[in-house]
Protein chains: 2
Amino acid sequence: MSKKSASARGRPKTLDRDQILQTALMAYWEQGPANVSINDICHLTGASKPGVYREFESDDGLKRSVLEQYRGLAIQPVIDILERDQPTLETLDALIGFMTQERAPLGLPSGCLFVMMRAQSHHFGPSTREKLTMLRSDLLGHYETWIERSKSRGEFADIPTEIAALFMDAQHGGAMRMQREGVPNTTIARVLEISLKTPIVGAGPARA
Amino acid sequence: MSKKSASARGRPKTLDRDQILQTALMAYWEQGPANVSINDICHLTGASKPGVYREFESDDGLKRSVLEQYRGLAIQPVIDILERDQPTLETLDALIGFMTQERAPLGLPSGCLFVMMRAQSHHFGPSTREKLTMLRSDLLGHYETWIERSKSRGEFADIPTEIAALFMDAQHGGAMRMQREGVPNTTIARVLEISLKTPIVGAGPARA
DNA sequence: AATATAAAATACCAGTAGGTACGATAATGA
DNA sequence: TCATTATCGTACCTACTGGTATTTTATATT
């Protein structure tokens with residue numbers, strides 16, 4: 001890991017890895033990964049194509065790295081919410097709040113790159129696909145531990161943990177898809193209130 | 001409309017429109033629309049490229065036509081279930097049954113082409129996008145009339161109809177995505193039991 | 001038989017994708 | 001000073017995309 005600051009031997013590198021990652025991340029997120037070529041990223045960043053390939057090895061490698069970057073940006077916050085020790089209902093509210101946050105003021109695209117990439121994982125190389133699978137099972141794992149903790153407090157319905165985790169993941173994916181299709185965040189939040197809270201804490205509307 | 005059987009003037013057409021549509025439909029469904037080129041479809045069907053363009057005008061036109069075809073195959077059955085005059089719970093069971101049907105024995109790919117295409121609608125031409133939007137609002141409309149009918153029988157929770165329709169659409173999309181990711185249909189069905197039934201008829205597990 | 005019509009398919013177009021060979025360049029170590 | 005090392009970027013490669021110009025062929029009409 002101590003390769004950066006130590007003066008290397010040859011010509012010093014001018015290529016800005018983080019800038020490329022950030023630019024690619026935003027371009028993928030906004031336009032969809034399949035609509036952004038390596039050439040596009042070169043033009044956007046001013047980097048040369050061999051430079052990008054030297055740094056990331058291949059299209060597959062770049063996408064894998066972007067996904068890693070995206071994890072810190074948009075998946076970890078979800079995990080952080082799950083790991084705060086809060087009453088179940090408050091966690092659910094925090095999740096809904098995070099998902100339906102207005103993106104434009106933050107300069108962030110709508111939808112979720114992770115969800116988008118999962119939906120078209122067969123377009124990607126093996127390395128990216130592997131990363132996708134790992135991120136997915138990691139996220140599901142965090143859902144599961146949170147569910148178990150909620151259950152131990154008696155604050156979670158009697159649903160098998162594995163099923164409940166898939167259920168929460170599905171609600172998240174649904175919300176992100178709606179956002180991409182232009183459904184207003186307030187509306188998405190109302191849907192999530194019903195779809196997330198009712199099955200989990202029974203806090204939904206009265207039955208007719 | 002009486003152009004087919006009437007003997008036309010020039011060279012008789014040998015191009016089989018339906019075969020192309022069917023082949024393209026299956027290829028799109030299996031591999032994702034973005035992974036199937038017109039060339040692929042030509043090779044699969046034996047048709048020549050200008051023939052395909054003569055029939056469908058463009059990539060956009062072909063995709064629109066395929067989508068139309070897909071409607072009859074996989075969207076209309078859902079609408080038919082909604083239009084059967086059944087108790088709400090039976091309709092929900094029928095929907096869950098349809099979504100989690102084993103596809104392999106029927107020779108059908110898993111997932112839903114409509115859901116896939118909605119998720120990447122920005123890859124397509126204007127005509128295809130228009131069709132997608134129309135299909136979406138048509139489906140949502142059918143959900144809404146079914147919801148209203150259920151409400152009038154007192155068999156639907158007190159959820160605004162528009163919200164409930166988006167909710168149902170989201171559950172459908174989530175199920176199709178899980179299926180694509182390889183989640184077993186029995187598991188998906190259990191998730192749907194919770195996510196669909198609990199909010200709508202309160203038939204979920206007891207709260208803790 | 002000659003002509004009009006329409007569909008057939010080969011062979012091509014420009015554009016772009018992912019990827020790389022290779023000579024130039026900027027630093028360090030001897 | 002001079003070799004060594006490593007990154008630089010131009011210019012290129014092949015493959016394939018959506019799309020079409022052009023010629024040939026099979027029919028119906030005259």
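Reminder, nothing fancy here: chain letters follow the sequence lines and each chain counts from 1.
In this structure, B/K13 places its NZ atom 18 Å from P of C/dT5, rounding to the nearest Å. If you take CG of B/L15 and P of C/dA6, they are 17 Å apart, rounded to a whole angstrom. Whole-Å rounding puts the B/D16 CG to C/dA9 P distance at 13 Å.
One finds no salt bridge joining A/E90 and A/R84 here, because no Lys/Arg side-chain nitrogen approaches an Asp/Glu carboxylate oxygen to under 4.0 Å. Taking a cutoff of 4.0 Å between a charged side-chain nitrogen and a carboxylate oxygen, B/D93 and B/K197 qualify as a salt bridge. Between B/R190 and B/E193 there is no salt bridge, since no side-chain N of the basic residue sits under 4.0 Å from a carboxylate O of the acidic one.
Of the candidate nucleotides D/dT17, C/dG18, D/dG19, D/dG19 has the atom lying nearest to any side-chain atom of B/D59. Listed candidates were D/dT27, C/dA27, C/dA7. Nearest to the side chain of B/R11 is C/dA7. Distances were taken from every side-chain heavy atom of A/R9 (C-beta onward) to each of D/dA6, D/dT10, D/dG19; the shortest belongs to D/dA6.
The shortest non-hydrogen separation linking B/S150 to B/T88 is OG-OG1, 3.1 Å.
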Hey, what are the protein-to-nucleotides 14-16 of chain D N/O distances that come in under 3.5 Å?
none

Could you go over nucleotides 20-22 of chain D and give all protein N or O partners under 3.5 Å, atom names and distances?
none

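Within the 4.5 Å cutoff, the side chain of A/Y70 has heavy atoms near those of the A/W29 side chain.
Projected onto DNA chain D by closest heavy-atom contact, A/G51 and B/P12 fall at different nucleotides, the more 5' of which corresponds to A/G51.
A sub-4.0 Å separation between OP1 or OP2 of C/dA8 and a side-chain N or O of B/R54 is present.
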Solution key, residues 114-123 of chain A side-chain donor-acceptor pairs under 3.5 Å, sequence neighbours excluded:
from: A/R118; atom 1: NE; to: B/E181; atom 2: OE2; distance (Å): 2.7
from: A/R118; atom 1: NH1; to: A/D169; atom 2: OD1; distance (Å): 3.1
from: A/R118; atom 1: NH1; to: A/D169; atom 2: OD2; distance (Å): 3.4
from: A/R118; atom 1: NH2; to: A/D169; atom 2: OD2; distance (Å): 2.7
from: A/R118; atom 1: NH2; to: B/E181; atom 2: OE1; distance (Å): 2.9
from: A/R118; atom 1: NH2; to: B/E181; atom 2: OE2; distance (Å): 3.3
from: A/H122; atom 1: NE2; to: B/Q31; atom 2: O; distance (Å): 3.2
from: A/H123; atom 1: ND1; to: B/N35; atom 2: OD1; distance (Å): 3.3

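With rounding to the nearest 0.5 angstrom, the NZ atom of A/K63 is 10.5 Å from the CG atom of A/L113.
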Requested in this report: Apply the test side chain to side chain donor-acceptor pair (under 3.5 Å) to residues B/Q19 and B/T45: give CA-CA distance (whole Å), side-chain angles for both, the deciding distance (0.1 Å), then the verdict.
Outcome: CA-CA 7 Å; B/Q19 187 217 359; B/T45 57; 5.3 Å; no
